[in-house]
Colleague: 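Right, I'll just put the structure down here and ask away after.
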Amino acid sequence: MANGWSIFIGLAIILAMCTAAWVFAPKGENQVLWRSSLILAFVSCYLMWAITFLAQLHPLIEPRRSDIRKEFVHH
């Protein structure tokens, strides 16, 4: 089951990938473009994953069951 440490583990993996993209980007006149594009792609994917993961881990709206009879619902 997922827990709160998944966010930090994912962040460490993304930081390692960004460092690798910075170090191993092809040399030449497009080096800055390669670095920027790879790091931006990695960070964007991480942010999308993290927001989706946290939204499922701590939902803002509590799910409701529609198959419960009214007399058994406790508000």
Colleague: Would you compute the distance between atom CH2 of Trp49 and atom CG of Leu47 and round it to the nearest 0.5 angstrom?
Modeller: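 Spacing of CH2 (Trp49) from CG (Leu47) equals 11.0 Å.
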Colleague: Using the test side-chain contact (heavy atoms from CB on, under 4.5 Å), find all partners of Leu40 that sit at least two apart in sequence or belong to another chain.
Modeller: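 Residues passing side-chain contact (heavy atoms from CB on, under 4.5 Å) with Leu40: Ser44.
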Colleague: Can you measure from CE (Met17) to CG (Leu38) and round to the nearest 0.5 angstrom?
Modeller: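 These two atoms lie 9.0 Å from each other.
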Colleague: Could you check whether any side-chain heavy atom of Tyr46 comes within less than 4.5 Å of a side-chain heavy atom of Ile7, counting everything from C-beta outward?
Modeller: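 Yes - at least one pair of side-chain heavy atoms lies under 4.5 Å apart.
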Colleague: Identify whether Ile9 and Leu11 are in the same connected component of the hydrophobic contact network (ILVMFWY, side-chain heavy atoms under 4.5 Å).
Modeller: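 As far as the 4.5 Å side-chain criterion goes, Leu11 and Ile9 are connected within one cluster.
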Colleague: Can you tell me how far CG of Leu54 sits from OG of Ser6, rounded to the nearest 0.5 angstrom?
Modeller: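 The OG atom of Ser6 sits 9.5 Å away from the CG atom of Leu54.
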Colleague: Could you tabulate the donor-acceptor pairs under 3.5 Å formed by side-chain atoms of residues 19-31, not counting sequence neighbours?
Modeller:
residue : atom : partner : partner atom : Å
Thr19   : OG1  : Leu15   : O            : 2.8

Colleague: Out of curiosity, does Phe42 fall in the hydrophobic cluster containing Ile13 (side-chain heavy atoms, cut-off under 4.5 Å, transitive links)?
Modeller: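 Same cluster.
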